[in-house]
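The block underneath contains the structure these notes are about, expressed in structure tokens.
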Amino acid sequence: MAEKAKIAVFISGEGTNMAALVYASRMPESPYEVVLVASNDPEAAGLNLAAAEGIATFACLHKGMTREAHDAAMEAAVLEAGADHIALAGYMRILSDGFVERWAGRMLNIHPSLLPLYKGLDTHARAIAAGDSHGGASVHLVTPELDAGEVLAQIAVPIAPGDTPETLAARVKLAEHQLYPRALADYVSRWQDPVALLARVRALALALPETDEKVSHGSPAFRVGGEKSGKFFAYFADQHHGSPYIACLVRTGSMDELLALVEDQPEVYFKPAYYGASGWVGIILNRPGVDWDAVAAWLERSWRGAAPKRLTRLLDIADEF
Ligand code: GAR
């Protein structure tokens with residue numbers, strides 16, 4: 001199994017969502033582990049539970065500190081614990097833009113409403129007052145704008161006659177405890193999912209001029225130049241010929257270049273079976289931290305090598321502007 005993602009959980013209060021994340025991580029096959037529980041409140045009840053579970057804890061009271069200084073203290077603890085993602089779980093402080101930007105794509109939050117409804121506070125009272133049939137919860141990526149990042153998963157919870165904000169909150173929490181571990185697990189394993197990886201390669205390949213997709217030797221492959229005279233410039237290979245890699249194959253300039261890439265960055269490149277012999281290199285996609293801009297650049301270069309002159313000229317002219 002691939003190495004597990006390392007999660008720092010930030011809490012301010014009871015920490016029941018943190019507990020749900022921790023216990024889900026103890027199930028077999030969990031793709032993540034919780035390496036730190038940190039709080040802005042040394043009295044947060046969840047810290048005791050985390051300590052009892054043998055998880056590193058950190059607390060730093062925010063009173064009297066600037067937002068930046070407090071965030072820096074929290075971040076130092078995260079780095080010290082070796083975390084690669086942060087899960088906000090009832091962390092009731094707004095984080096500075098700099099902090100949020102540094103963790104972009106690696107920080108999730110759970111919010112007790114069906115976003116985009118009811119950002120901010122008092123979500124349950126607002127849903128009841130509006131006469132909504134359902135409340136719920138959302139897991140989303142954290143961006144500088146409050147509760148506005150991409151929604152990864154949601155769960156709806158009916159509002160029952162006589163519900164108060166408290167009774168609804170308690171029921172939503174039960175749903176949150178199911179939702180958050182699943183959403184976090186899916187998110188940190190997305191780079192192992194061939195369907196998601198193919199979708200990303202496809203979007204980049206088909207964004208290049210006059211391209212189409214065709215199955216070649218059982219693999220999705222991308223051509224340029226049309227139905228009759230089209231030439232392949234990329235293949236998507238899902239663990240072919242016993243290879244452990246899900247990869248995008250693109251054409252290098254020469255065997256020397258291919259071998260140098262594989263030697264210098266064996267975590268990024270490999271020489272694929274069959275195609276390697278004619279200068280195609282495999283870019284490994286089932287690993288954390290793929291540089292998708294680099295994949296896009298490779299696709300464009302490989303496309304240029306296969307495209308007719310009339311098309312590459314067009315792209316050159318466009319590049320000049
Ligand atoms: C949860 O319901 C969570 O959605 C909410 O606080 C509660 C924390 O409970 N978060 C927010 O309101 C964020 N704006 P917990 O400490 O028991 O996990």
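Residue numbers count from 1 along this sequence. We count ligands from 1, going down the list as the structure has it; atoms in each ligand are counted the same way.
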Shortest non-hydrogen pair, Arg126 vs Gly120, comes out as NH1-C, 4.1 Å
Among non-hydrogen protein atoms, atom 13 (C) of ligand 1 lies closest to Met92 SD, 3.8 Å
Give the residue, atom name and distance (to 0.1 Å) of the protein heavy atom nearest atom 11 (C) of ligand 1.
Pro112 CD, 3.5 Å
Does atom CD of Glu257 have more than 12 heavy-atom neighbours from other groups under 6.0 Å away?
yes
What's the shortest distance from atom 14 (N) of ligand 1 to any protein heavy atom, and which residue and atom give it?
His111 ND1, 3.8 Å
Tell me whether the rings of Tyr275 and Trp280 are parallel (<30°), tilted (30 to 60°) or perpendicular (>60°).
perpendicular
Do Lys173 and ligand 1 have an N or O pair less than 3.5 Å apart?
yes
If we only consider heavy atoms of Gly15, is any one of them less than 4.0 Å away from an atom in ligand 1?
yes
Would you say the rings of His241 and Tyr274 are close, in the sense that their centroids are separated by under 6.0 Å?
yes
Using 30° and 60° as the class boundaries, would you call the ring planes of Trp298 and Tyr269 parallel, tilted or perpendicular?
perpendicular
For atom CD of Glu145, decide whether the heavy atoms of other residues, nucleotides or ligands shown that lie under 6.0 angstrom number more than 12.
no
Using only heavy-atom distances, determine whether the side chains of Thr123 and His111 contain a donor-acceptor pair under 3.5 Å.
no
Closest by any non-hydrogen atom to atom 17 (O) of ligand 1: pick that one out of Asp122, Ile11, Thr16.
Thr16
Test your reading of the structure: does Asn109 have an N or O sitting under 3.5 Å from an N or O of ligand 1?
no
Looking only at protein heavy atoms, which one is nearest to atom 8 (C) of ligand 1, and how far off is it?
Gly90 CA, 3.6 Å
Per-atom contacts, ligand 1 versus Glu176 - under 4.0 Å to a heavy atom:
1 (C), 2 (O), 3 (C), 4 (O)
